[in-house]
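Take a look at the structure below.
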Number of protein chains: 2
Amino acid sequence: MSSANSLAVEDLGSAAQRDRRKRILDATIALASQGGFDAVQMRAVAERADVALGTLYRYFPSKIHLLVSALQREFERTEVALRDKPIEGDTTADRVISVLKRTTRGMQSDAKLTEALTRAFMFADASVAAEIHQVGMLLTSMLTRAMYPEGRDEVTEEDVQIARVIGDVWLSALVGWVTGRNSAAETGQQIEVAVRLLLRD
Amino acid sequence: MSSANSLAVEDLGSAAQRDRRKRILDATIALASQGGFDAVQMRAVAERADVALGTLYRYFPSKIHLLVSALQREFERTEVALRDKPIEGDTTADRVISVLKRTTRGMQSDAKLTEALTRAFMFADASVAAEIHQVGMLLTSMLTRAMYPEGRDEVTEEDVQIARVIGDVWLSALVGWVTGRNSAAETGQQIEVAVRLLLRD
DNA sequence: CGACGAAGTGGAACGTGTTCCTATTTTAGA
DNA sequence: TCTAAAATAGGAACACGTTCCACTTCGTCG
């Protein structure tokens, strides 16, 4: 299932291996939280995870794979946490904005971590496609659920297209923010404007 | 005018300096065209431009600055070339799509170069804000001109917002393409979908 | 013209991502 | 339980972005 890719959790047989993988991702998040992209140094991750450098590379074939996998895990957790909470807002646009703002706020509360993960995401090439795709699916599902909170299966082709466009804007806004070109307020506004343009009920 | 930034053309006094700068950017484009981001190695650029490594760093304080400056020059040329051509299309959406497709096609005809420049753009941080902003302005002006081909000054706040959203989608699509996650056809489609969602006359 | 500072040259050196190699430990199958 | 294969440890080595230094050349002002 994984070619030149990161070892996914399902690929790992023993508990020790799952634990190693977890330690590595924990170390990655910790270092990223503290110092951002540059602080996630492979030697430092290996040492902190109590793992040899070669082992780190056996689990994640590059720094980018490592960070995107960390992003994936974090995003899955966010999505699960969000799944339970009721979605506020009367109109579709309001609900989508609410979900996005909540997520964005979460990311902005740990700027260094977000910078590291976003940078990796933007730099990832085709060899990271699987992980990237997973993240994209999660985002789309978060957005379409916000559009149809009742769980109706009315998700049309156009809804998915809209979700994708919103995802694109969200990504651009995030990049603008992590690279210091936009303020947090501008980032939120940029997303809100896009949603309101796309979802005028 | 330039702090820790690239030396802009206007900052350069002598003709020899303008020529050095041009040689450096030419070398950058040539190497990028041939081998993409990874092939733009600072030693190689310096050698090809017939300039010492230290001089290269005096003109452009990092590889990212160098590539974004190259992007800026290329984009300015594209914009000038496009300025003369008449814009086809009856509806606003058609015209915008026409302009974007033309530009995208141009970039896709030199995939390696586009990969190098896009990667740099996505990786650029606040210290490259000036160059980035310039590129953003160019794109917005291209788009609003496509919306109002007559040159009327009817550009509203909403038009600018729409142009920005389209720019975001364009960037995301481009990133997806250069990183090998989307085909050229999918990239075009992604942009077209966004434009039609945003500009339903 | 002569001197002085700025700009350029050539190259050594450093940091970090990545690769590779050998020895040791763990795991799985007979 | 014993053994072969796989996984891990530990660390040297390499590549490329970046910095730095000593020296030379260029341009300007007295």
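The structure displayed is predicted, hence computed values, not measured ones. Every chain is numbered from 1 and lettered A, B, ... according to where its sequence line falls, protein lines coming before strand lines.
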* Between B/Gly54 and B/Ala16, which is nearer to the 5' end of DNA chain D once each is assigned its nearest nucleotide? ->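 Nearer the 5' end of the strand: B/Gly54.
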* How long is the gap from CZ on A/Arg95 to CG on A/Leu143, to the nearest 0.5 Å? ->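 Interatomic distance, A/Arg95 CZ to A/Leu143 CG, rounded to 0.5 Å: 12.5 Å.
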* Please list, by residue number, the residues of residues 40-47 of chain A whose heavy atoms come closer than 4.0 Å to an atom of DNA chain C; answer none if no residue qualifies. =>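 Those residues whose heavy atoms fall under 4.0 Å from DNA chain C, taken from residues 40-47 of chain A in numerical order, are A/Val40, A/Gln41, A/Met42, A/Arg43.
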* To do: Would you check if there is a donor-acceptor pair between the side chains of B/Trp170 and B/Thr104 at a distance under 3.5 Å?
  =>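 There is such a pair between these side chains.
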* Asked: Can B/Gln190 and A/Asp168 be counted as having a side-chain donor-acceptor contact under 3.5 angstrom?
  ->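 On atom types as modelled, these side chains qualify, holding a pair under 3.5 Å.
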* Asked: Which residue, B/Arg20 or B/Leu53, contacts DNA chain C at a nucleotide closer to its 5' end, judged by nearest heavy atom?
  ->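 That would be B/Arg20.
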* Asked: So, is B/Gln17 near the phosphate of C/dA6, with a side-chain N or O under 4.0 Å from OP1 or OP2?
  ->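 For C/dA6, OP1/OP2 do not have a side-chain N/O of B/Gln17 under 4.0 Å.
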Quick one: [X] [atom1] to [N] [atom2], roughly how many Å, whole number?
| X | N | atom1 | atom2 | answer |
| --- | --- | --- | --- | --- |
| A/Leu66 | C/dT16 | CG | P | 16 Å |
| A/Tyr59 | C/dG17 | OH | P | 21 Å |
| A/Phe123 | C/dG17 | CZ | C1' | 12 Å |
| A/Leu31 | C/dG17 | CG | C1' | 15 Å |
| B/His65 | D/dT18 | NE2 | C1' | 14 Å |
| A/Arg23 | D/dT8 | CZ | C1' | 11 Å |
| A/Phe60 | C/dT18 | CZ | P | 13 Å |
| A/Arg21 | D/dA7 | CZ | C1' | 17 Å |

* Asked: Is A/Glu192 paired with A/Lys101 through a side-chain N to carboxylate O contact shorter than 4.0 Å?
  ->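 So A/Lys101 pairs with A/Glu192 through a salt bridge.
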Side-chain donor-acceptor pairs under 3.5 Å in residues 33-51 of chain B, sequence neighbours left out?
unit_1	atom_1	unit_2	atom_2	d
B/Ser33	OG	B/Ile29	O	3.3
B/Ser33	OG	B/Asp110	OD2	2.7
B/Gln41	NE2	B/Asp38	O	3.3

* **Main-chain N/O of B/Ala126 paired to A/Thr179 side chain as donor or acceptor, under 3.5 Å** =>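 It does not hold such a pair.
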Side-chain atoms of residues 67-74 of chain A: list all donor-acceptor pairs with protein atoms under 3.5 Å, sequence neighbours left out, distances to 0.1 Å.
unit_1	atom_1	unit_2	atom_2	d
A/Ser69	OG	A/Ser6	OG	3.4
A/Ser69	OG	A/His65	O	2.8
A/Arg73	NH1	A/Asp26	OD1	3.2
A/Arg73	NH2	A/Asp26	OD1	2.7

* **Nearest-nucleotide pick for A/Tyr57, side chain only, options being C/dT18, D/dT18, D/dT8** =>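 Among the listed nucleotides, the one closest to the side chain of A/Tyr57 is C/dT18.
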